Amino acid sequence: MTKDKKNKPSKELPIGFVDRKEKELLVRDFIISNIREIMIKYGFQYLETPSFEYSDSIGKFLPDKDRPDEGVFSFKDDSKWLSLRYDLTAPLARYVAKNYLEIPKPFKRYQLGTVWRNEKPGPGRFREFLQFDADFVGAKSLQADAELCVMISEILEKSGLTKSDYIIKISSRKITESLFKKINIKDNDQKLTALRALDKIERLGWEEVKKLLGEGRKDKSGDFTRGAKLKAKDIETIEETLKKKIPETEDLVEIFKIFKDYNFNNFEFDPSIIRGLEYYTGAIFEVNLKFDVTNNKGQAIQFGSIGGGGRYDNLVNNFGNYDAPATGISIGLDRLVYALMQKKEFKVKQSKPVVICVIDKNLMKEYINVQAILRNADVSSEIYSGEGKLKKQMEYANKIKSPAVILYGENEIKSGKPTLRNLSSGKELSIEIKELVNEIKKII
RNA sequence: GCAGCAGUAGCUCAGUUGGUUAGAGCACUAGUUUGUGGAACUAGGGGUCGGUGGUUCGAAUCCACCCUGCUGUACCA
């Protein structure tokens with residue numbers, strides 16, 4: 001070992017990136033297997049697109065030009081800029097535009113993939129995370145929007161949530177659109193600021209949101225946020241209209257009717273959900289958890305939604321050639337995993353290997369033989385591959401939560417009966433090799 | 001990004017108004033047990049006190065800047 005610490009490589013990870021351990025990965029795999037099963041059942045195609053796209057394909061040509069160059073990781077390759085994808089919807093629009101003539105219309109596809117965002121990370125929020133995304137492209141029917149909600153619901157419940165654990169909140173861009181028309185806001189910046197303010201009703205309450213619609217607001221730390229500077233009269237109109245909580249737009253009326261046909265009722269109309277800015281054109285959904293998620297100090301943390309989506313009728317058209325009204329929904333899988341792991345009753349089991357202790361290296365042939373017998377019977381097992389004495393081997397088996405160890409040394413070889421030690425009870429059995437599999441199966 | 005608070009061993013933390021060689025618990029290593037884990041006991045390793053510069057006879061402690069984390073806020077396609 002070198003003592004010189006100065007010129008050693010860093011053990012630290014880049015900010016916002018994390019190592020993910022087995023416990024978490026098992027839960028994630030479990031959710032993924034549920035997703036795939038349900039996607040097949042609902043008739044979606046599986047698709048994978050690359051991690052990198054040309055920056056303009058996933059940003060500059062989108063209607064949302066609010067911050068086209070920020071929030072992504074990019075580099076210049078020869079003359080063109082490439083970016084790591086920040087979601088799976090923009091690459092889908094690119095894929096559809098590129099392959100429009102060959103794909104079925106409507107095109108129903110799902111995708112699981114890592115996405116990257118160059119933003120400030122927080123608890124449960126990373127710069128690299130796994131997203132699940134399902135979309136209908138070329139589907140004008142609102143049945144598609146409704147079915148996405150039903151489908152997400154099925155995934156969540158199959159993964160261990162109950163109806164009282166989550167709710168799908170629904171609204172429509174058409175509501176705010178007509179509202180802005182009514183009070184005659186034309187300035188785009190003002191619209192955006194107002195939308196952002198409305199997005200915070202749940203968290204801040206109407207009083208604070210009204211400040212944001214007006215001059216602005218100071219937060220707890222004393223920082224000031226500039227407001228939308230709307231007239232007091234207009235702010236009142238907005239408050240009155242949204243507080244009524246009546247889904248007056250045609251699209252919502254239709255979707256709620258379809259929900260009834262599906263016998264789906266774990267949703268709620270909430271005009272305060274906004275989701276993104278200029279991207280969506282119609283219905284918008286957000287999947288919210290109803291139980292508290294806590295950090296490692298036991299404090300409830302601001303978790304936000306675990307997913308959402310909506311209708312984006314113009315996205316594919318931005319590539320120029322084809323009109324493809326679309327609707328989709330995504331889930332941040334890591335957030336769902338994090339939330340699910342906090343539910344006490346939730347556990348994913350994986351059997352750990354039985355450890356065959358190496359009492360005498362000259363007997364390796366015997367150990368390999370025992371291992372082959374176990375593995376042929378699909379019993380997870382391993383020959384201790386470290387250097388230590390028996391005590392160390394036992395400590396190892398204990399640490400990896402192995403159910404049992406097999407002791408097969410000089411004494412046992414003589415009688416032809418290995419010793420099987422149950423690591424939870426500490427009991428030892430001296431048994432014939434051919435009985436090993438049966439005895440181990442009793443333990444695990 | 002902005003604002004507030006924080007950073008001492010792998011982890012959780014103590015360290016009095018600046019004063020000798022910076023501590024504890026857990027974890028780790030070795031031994032008590034030359035073939036037996038989870039308990040106990042004994043011994044041991046491990047820190048440039050987040051970094052750099054400054055004030056001082058003397059800095060973990062005071063000052064400045066930087067880095068990192070947490071919380072709020074902004075942004076989140």
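Just the heavy atoms: all of them, side chains too, but no hydrogens, waters or symmetry mates, feed the values below. Residue numbers start from 1 in every chain, and the chains themselves are labelled A, B, ... in the order their sequence lines are given, proteins ahead of strands. These figures come from a predicted structure and were not determined experimentally.
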Item to check | Nearest-0.5 Å distance that lies between atom CG in A/D135 and atom CZ in A/R311 | outcome: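 One finds 11.0 Å between CG of A/D135 and CZ of A/R311.
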
Checklist entry - What orientation do A/F136 and A/F44 show, parallel under 30°, tilted 30 to 60°, or perpendicular over 60°? => result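 Aromatic pair A/F136/A/F44 classed perpendicular.
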
Next on the checklist: For the base of B/G37 and the side-chain ring of A/Y396, does the geometry meet a stacking cutoff of under 5.5 Å between centres and under 30° between planes?
Outcome noted: no

With [atom1] as the reference atom in both, quote the distance from [N] to [M] in angstrom, rounded to an integer.
N: B/U12; M: B/G69; atom1: C1'; answer: 16 Å
N: B/G44; M: B/U48; atom1: C1'; answer: 22 Å
N: B/U29; M: B/G45; atom1: P; answer: 16 Å
N: B/G18; M: B/A40; atom1: C1'; answer: 43 Å
N: B/A59; M: B/G53; atom1: C1'; answer: 14 Å
N: B/G25; M: B/U21; atom1: P; answer: 23 Å
N: B/U17; M: B/G46; atom1: C1'; answer: 32 Å
N: B/G51; M: B/U68; atom1: C1'; answer: 10 Å

Checklist entry - Can you check whether A/G388's main-chain N or O pairs, donor with acceptor, with A/Q393's side chain at less than 3.5 Å? => result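 Flag set: sc A/Q393 to bb A/G388 pair under 3.5 Å.
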
Hunt down the Watson-Crick or G-U wobble partner of [N], both distances under 3.5 Å, from any strand shown, or write none.
N: B/G31; value: B/C41
N: B/G7; value: B/C67
N: B/C62; value: B/G54
N: B/C2; value: B/G72
N: B/G47; value: none
N: B/U17; value: none

Next on the checklist: Does anything in residues 400-416 of chain A come within less than 4.0 Å of RNA chain B? Heavy atoms only, and list the residues if so.
Outcome noted: A/L407, A/G409, A/E410, A/N411, A/E412

Compare the minimum distances between each of [options] and the side chain of [X], then state the nucleotide with the smallest one.
X: A/K392; options: B/U73, B/C76, B/A30; value: B/A30
X: A/E395; options: B/A77, B/A30, B/G37; value: B/G37
X: A/K391; options: B/G72, B/A77, B/U36; value: B/U36
X: A/Y86; options: B/G37, B/A77, B/C28; value: B/A77

Next on the checklist: Using the rule given for side-chain hydrogen bond (donor to acceptor under 3.5 Å, both in side chains), can you reason through A/Y396 versus A/E382, listing the C-alpha separation, both sets of side-chain angles and the distance that settles it, and then say yes or no?
Outcome noted: CA-CA 12 Å; A/Y396 167 79; A/E382 67 179 37; 2.5 Å; yes

Checklist entry - Just checking A/L204: base, sugar-phosphate only, or nothing, at a heavy-atom cut-off of under 4.0 Å? => result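 Sugar-phosphate, backbone atoms only, no base.
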
Checklist entry - Base, sugar-phosphate alone, or nothing: which one does A/E428 contact when heavy atoms must sit under 4.0 Å apart? => result base

Next on the checklist: Between A/T114 and A/E128, do the side chains contain a donor N or O and an acceptor N or O under 3.5 Å apart?
Outcome noted: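 No donor-acceptor contact under 3.5 Å links the two side chains.
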
Checklist entry - Rounded to the nearest Å, what distance is computed from the CG atom of residue A/L390 to the P atom of nucleotide B/U36? => result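 Spelled out: CG on A/L390 to P on B/U36 is 6 Å.
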
Checklist entry - Closest nucleotide of RNA chain B for A/G16 versus for A/D199: which of these residues is on the 5' side? => result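 Residue closer to the 5' terminus by nearest nucleotide: A/G16.
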
Checklist entry - Which sits closer to the 5' end of RNA chain B, A/G426 or A/T225, going by the nucleotide each is nearest to? => result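 Its nearest nucleotide being more 5', the pick is A/G426.
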
Next on the checklist: Does a side-chain N or O of A/R275 approach OP1 or OP2 of B/C76 to a distance below 4.0 Å, or not?
Outcome noted: no

Next on the checklist: Strictly below 4.0 Å: does A/R196 bring a side-chain N or O up to OP1 or OP2 of B/C76?
Outcome noted: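 Yes, such a contact exists.
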
Checklist entry - Taking the six-membered ring for Trp, are A/Y86 and A/F73 ring centroids under 6.0 Å apart? => result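 No: the rings miss the under 6.0 Å criterion.
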
Next on the checklist: side-chain hydrogen bond (donor to acceptor under 3.5 Å, both in side chains), that's the test. Do A/T419 and A/E412 meet it? Break it down for me.
Outcome noted: CA-CA 7 Å; A/T419 299; A/E412 287 87 356; 3.0 Å; yes

Checklist entry - Is it the case that more than 12 heavy atoms not belonging to A/E410 sit under 6.0 Å from its CD atom? => result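 Not more than 12 within 6.0 Å, no.
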
Checklist entry - Taking atom types as they are modelled, is there a donor-acceptor pair under 3.5 Å from the base of B/U36 to the side chain of A/K389? => result no

